[in-house]
Amino acid sequence: MPKIIIMMDGIMIKKVELIKERTSLGRRPYNDIVIENLAVSGEHAAFYMKSHEVMIEDLNSTNGIFVNGKAIRKQVLEHGDILEIGKYQIRFEAEQQPDFQETQMVARRKPTPPATRPPEIDVKGAIKVLSGAANGREMSLTKVVTTVGKPGVSIAAITRRTHYFSIHYVEGPDIPILNGAAITSEPVVLNNGDYMVLAGTHMQFIQN
């Protein structure tokens with residue numbers, strides 16, 4: 001059976017086999033796959049399985065779906081694809097089907113390592129703290145998704161895309177500020193030198 005592996009910051013949270021023709025994913029408890037996070041819509045996405053193909057569809061979610069760094073509405077998935085939903089990464093693993101011709105050739109040639117996807121991300125960025133005890137400290141943004149802020153006060157997520165970084169509000173009563181304007185749950189592209197205030201801490205985004 002094809003399956004998905006749900007991760008956060010590279011750590012596996014759960015593994016789910018796709019056994020139904022339609023598998024829903026969202027924050028509400030009636031979904032087949034429930035992710036309880038404000039960045040995930042009540043009904044965020046659905047996986048559709050037909051024959052040996054699995055397709056994902058965005059159900060008009062707030063924060064959208066990214067497959068291998070590109071925003072999509074509907075797409076047939078391939079083995080190894082990485083989906084981004086909110087601050088979660090989801091790896092799709094297809095059901096591997098044996099191929100007769102390939103099987104016949106195995107005895108005649110030396111096995112080769114599986115092909116790896118070329119790196120798609122080529123930007124570098126960091127957050128520099130401008131106030132408080134950590135004034136002057138820089139935090140490199142090396143992960144696909146980096147959460148910043150203070151739990152229970154204000155949390156935002158910075159997502160590393162192929163050619164840019166974006167930020168969106170996740171949770172907390174203190175709304176983060178970017179260049180004097182409130183950050184919402186809708187992702188906003190960051191530019192070098194952008195100034196932000198998060199949980200009372202002043203910060204600056206630096207992109208190389």
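Each residue takes its place number in the sequence, starting with 1.
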Test log, rule salt bridge (Lys or Arg N to Asp or Glu O under 4.0 Å), inputs D32 and K20: CA-CA 10 Å; D32 299 304; K20 299 168 60 177; 2.8 Å; yes

Find the distance between [atom1] ([X]) and [atom2] ([Y]) and round it off to the nearest 0.5 Å.
X    : Y    : atom1 : atom2 : answer
E84  : Y88  : CD    : OH    : 14.0 Å
I90  : M7   : CD1   : CE    : 8.5 Å
I85  : N37  : CD1   : CG    : 11.5 Å
F165 : N191 : CZ    : CG    : 12.0 Å
M8   : K14  : CE    : NZ    : 11.0 Å
M139 : T146 : CE    : OG1   : 6.0 Å

Are [Y] and [X] co-members of a hydrophobic cluster defined by side-chain heavy atoms under 4.5 Å apart?
X    : Y    : value
L83  : M49  : yes
Y169 : V148 : yes
I177 : I155 : no
I175 : V188 : yes
V145 : L38  : no

Other residues, nucleotides, ligands: >12 heavy atoms within 6.0 Å of R137 CZ: no

Flag if over 12 foreign heavy atoms under 6.0 Å of CD1, I19: no

Nearest heavy-atom neighbours spanning P2 and V54: CG-CG2, 3.9 Å

[X] versus [Y]: any side-chain heavy-atom pair under 4.5 Å?
X    : Y    : value
L25  : I35  : yes
S185 : N63  : yes
L77  : F47  : yes
L178 : L190 : yes
L198 : M203 : yes
I72  : F66  : no
L141 : F205 : yes
M196 : I167 : yes

V67, I5, N68 screened by side chain to side chain contact (heavy atoms under 4.5 Å, CB included) with I82, the one that passes: N68

Electrostatic pair E93:K3 at N-O distance under 4.0 angstrom: yes

Lys/Arg N to Asp/Glu carboxylate O, E36 vs R28, below 4.0 Å: no

Is a donor on one side and an acceptor on the other found under 3.5 Å between the side chain of [X] and the backbone of [Y]?
X    : Y    : answer
T147 : A157 : no
R91  : D81  : no
Q89  : K87  : yes
N179 : Y195 : yes
H168 : E186 : no
N31  : E43  : no
H44  : G64  : yes

Distance-only polar pair, side chains of S131 and H202, donor-acceptor under 3.5 Å: no

Side-chain donor-acceptor pair present, D174, S154, cut-off under 3.5 Å: no

Identified side chain to side chain donor-acceptor pair (under 3.5 Å) partner of Y48 from the options R22, E21, E53, K74: R22

